[in-house]
Amino acid sequence: MVKYVVKKGDKYWPSAEMKKIAWVSDEKIYAKALKNPVKFWEGLADEGIDWDKKWDVGYEEKLPYFKWFKGGKLNFSYNCLDRHLDERGDKIALTFVPEPVGEKVVKLTYKELHEKVCKFANVLQGLGVKKGDVVSIYLPMVPEAVIAMLACTRIGAIHSVVFSAFAVDALKKRIEDGKAKVLITADGYYRRGKKVVLIDKAIEGSKGTTIKKILVVNRIGKKVSGRKFLDFNKELEKADAECKAVSMKSEDPMFILYTSGTTGKPKGVIHDTGGYAVQAYWTAKWDFNLHDDDVMWCTADVGWITGHTYVFYGPLLNGSSTLIYEGSPDFPDTSRWWKIIEKNKVTAFYTAPTAIRMFMRNPEKMIKGCDLSSLRVLGSVGEPIDNDAWNWYFEKVGGGRCPIIDTWWQTETGGTLITALPGIGPFIPTVAGKSFPGVDHIIVDHKGKEKKKGELGFLVQKSPFAPGMLHGVYKNHKKYVETYWRFKKYYDTSDGAILNKEGFIRITGRTDDVMKVAGHRLATAELEDSINGHKKVNECAVVPIPHEVKGQVPVAFVVLSSGSGNDGGEALKKDIIMHVDKTLGPTARPAMIYYVKDLPKTRSGKIMRRILKSLLAKEEPKGLMTLVNPSSVEEIKGIVESSVGKEKGNVKKKVVKDKKKVVESKK
Ligand code: PRX
């Protein structure tokens with residue numbers, strides 16, 4: 001079996017075999033790219049993407065905005081599909097593994113996918129969708145997701161994908177922001193052996209909005225009737241198979257994706273066409289070393305940026321085969337993923353540490369019997385990967401043969417930005433790697449002054465900003481400036497990090513009020529807004545605590561409204577959780593709820609979440625002098641201490657603190 005890595009000292013490096021097959025294997029690429037990043041990216045744009053018209057200006061910066069490949073024209077769907085047809089028309093572009101055992105796996109060749117995309121683009125045009133219009137997509141992991149997305153890009157419509165587990169209110173807010181006229185959804189999907197209905201949420205979420213037509217993918221055979229509804233595939237079948245790809249300006253927006261920030265309302269991050277295409281193409285190619293015979297499987301959902309860039313767009317731009325699956329990693333049992341890899345001969349596998357930690361807790365026999373020898377590259381994304389998870393992933397999944405490409409990036413960056421490359425390495429547990437060639441990150445203090453190597457600080461990006469970076473917040477210039485440009489000339493990632501002398505970056509996590517729950521991004525403010533909306537809640541504060549599997553989970557401190565008493569009991573906790581499910585979705589559920597009389601606040605009324613965090617970590621809280629109500633701290637301390645081991649509810653979880661395991665109850 002080919003070994004793609006070798007160990008030297010305490011680090012792993014690419015083996016000679018890996019160097020032989022790697023797209024990039026010479027370390028000099030970093031210095032060369034940084035000498036003139038614009039020229040470097042222009043070279044990549046030229047080589048990797050088919051342009052209808054070459055750009056006039058490679059990069060133009062008028063901060064806080066910047067443009068790549070100005071004057072250039074291209075069509076994104078052409079680059080993902082048409083240009084592959086001659087050479088790879090009959091190659092499998094997409095494999096869909098449904099959940100129900102016995103249901104046929106769907107395989108679409110480039111030719112077939114191209115035809116479906118063209119037809120569906122005509123359906124959209126027939127419904128009056130034009131260049132620049134926003135189309136909302138609320139779909140689970142089905143082939144129609146990429147058909148719909150690529151159809152939008154074919155006619156220049158802007159897609160806005162909403163995660164299918166998000167609740168009605170979340171969908172509604174996103175539809176209203178983009179003023180979409182068309183919503184694409186499904187009647188439901190299969191999960192853990194059950195049919196999950198989606199259409200009811202879609203109908204409720206689009207009520208009273210600009211949506212005129214709802215295209216429904218028939219997945220679970222639920223009847224949907226009414227003049228507003230159209231059957232996705234029936235419409236597609238009727239449509240013409242010819243659809244000219246509209247030539248778009250490089251800077252034209254291609255999609256919006258909403259993500260959580262420090263304030264309650266999610267921001268619509270705007271990605272353009274040309275710059276995003278260049279970054280998606282090259283990062284997918286170099287990070288995962290994609291060649292013609294590669295099968296890429298990124299386990300992310302299409303509702304997140306990873307689902308956009310590495311489930312669909314990166315692999316398709318490269319003419320590779322990509323795989324999607326329906327259901328969950330532990331159904332019918334925890335061997336499901338490994339069987340999918342074995343059966344489909346997956347070569348590049350990309351997942352989140354939270355999934356790895358879940359598998360680590362399961363019996364080894366679930367993975368041992370599966371043949372994972374097709375794997376060449378493993379990727380990690382979404383949160384820092386700890387030593388144990390890294391080693392388990394490396395040994396049990398990669399058989400000690402495959403590099404782990406730990407990729408740091410964000411919804412805002414469009415593609416990966418900090419990572420080791422398979423042919424260059426080194427691969428070091430808990431260290432993401434170096435800035436991608438042509439990108440420069442530094443660490444600064446709170447005033448924006450560069451810190452010394454090896455010191456912890458704020459991770460920022462220097463100009464010129466990577467081509468795949470966001471181009472604003474949809475209809476909200478103020479938010480864009482406030483969120484990303486506090487350091488004026490640097491892009492603020494909101495992450496803490498350490499950069500050592502050799503250029504390796506260790507990410508320490510978010511420095512704002514954003515947490516990563518099972519790799520999903522959630523703002524404390526978003527959850528607080530939701531809980532505050534419950535009729536019996538006066539106010540609340542949400543803080544994250546470490547969690548053995550999910551990385552972090554939210555804990556809520558709730559002050560009940562007058563007349564509701566101080567203790568709402570278990571029934572009210574359940575009701576609050578249901579309310580969160582309804583407004584945000586189950587991914588945002590608080591793991592614990594504490595009833596308190598008062599929240600620690602400063603004289604200006606600011607809730608001191610830092611103090612709550614200390615109390616949960618059983619640390620002595622500091623800075624109590626600034627509080628207007630210091631007695632609240634004693635009360636909460638007592639509540640937290642007395643709750644250990646007594647909490648009831650329906651979540652069973654363990655909290656890890658400083659490597660010591662503290663078990664917080666909930667049965
Ligand atoms: O805190 C960083 C963390 O995820 C955040 C971005 O989340 P999101 O926009 O949902 O995008 C996730 C997928 C790209 C970052 O600010 N993060 C992402 N990747 C890593 C990471 N933290 C550490 N290591 C990573 N590899």
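In listed order, ligands and their atoms are each counted from 1. Below, all heavy atoms of this structure are taken into account, side chains as well, without hydrogens, waters or symmetry copies.
For ligand 1, the atoms closer than 4.0 angstrom to any heavy atom of Asp406 are 25 (C), 26 (N). Near Trp409, the atoms of ligand 1 lying under 4.0 angstrom from a non-hydrogen atom of the residue are 6 (C), 14 (C), 15 (C), 18 (C), 19 (N). For ligand 1, the atoms lying closer than 4.0 Å to a non-hydrogen atom of Val381 are 13 (C), 14 (C). Listed by atom number, the atoms of ligand 1 under 4.0 Å from Arg521 heavy atoms are 6 (C), 7 (O), 8 (P), 9 (O), 10 (O).
Each of Tyr474, Tyr276, Tyr313 was compared with His271 under the ring-ring contact (aromatic ring centres under 6.0 Å, His included) criterion, and only Tyr276 meets it.
A tilted orientation is assigned to the rings of Phe394 and Tyr12, their planes being inclined by 30° to 60°. Between Phe66 and His471, the ring planes lie tilted relative to each other; the angle falls in the 30° to 60° range. Between His441 and Trp408, the ring planes are perpendicular. Angles over 60° get that label, and only those under 30° would be called parallel.
Using modelled atom types, one side-chain atom of Trp68 and one backbone atom of Phe465 make a donor-acceptor pair closer than 3.5 Å.
For atom 13 (C) of ligand 1, the nearest protein heavy atom (residue, atom name, distance) is Thr306 OG1, 3.4 Å. In this structure, the protein non-hydrogen atom closest to atom 12 (C) of ligand 1 is Lys516 NZ, 3.5 Å. The shortest contact between atom 15 (C) of ligand 1 and any protein heavy atom is with Asp495 OD2, 3.1 Å.
Residues Arg521 and Glu383 are not paired through a salt bridge, judged by the lack of any N-O separation under 4.0 Å between the basic side chain and the carboxylate.
Contacts of Pro384 with ligand 1, taken as heavy-atom pairs under 4.0 Å, involve both backbone and side chain. Residue-level proximity to ligand 1 for Glu383 is carried by the backbone, the only part with a heavy atom below 4.0 angstrom. Contacts of Thr407 with ligand 1, taken as heavy-atom pairs under 4.0 Å, involve the backbone alone. Contacts of Thr411 with ligand 1, taken as heavy-atom pairs under 4.0 Å, involve both backbone and side chain.
Below 3.5 Å of separation, one finds no N or O of Trp304 facing any N or O of ligand 1. At under 3.5 Å, a nitrogen or oxygen of Gln410, whether backbone or side chain, sits near a nitrogen or oxygen of ligand 1.
Between Gly382 and ligand 1 there is a heavy-atom distance shorter than 4.0 Å.
The side-chain tip of Arg174 does not point at the ring of Phe163 from less than 6.0 angstrom away and within 45° of straight on.
Of all non-hydrogen atoms in Phe349 and Leu375, the two that sit nearest each other are CB-CD2, 3.7 Å.
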Subject >> side chain to side chain contact (heavy atoms under 4.5 Å, CB included) assessment of Thr347 paired with Val377 >> reply: CA-CA 7 Å; Thr347 56; Val377 174; over 6 Å; no

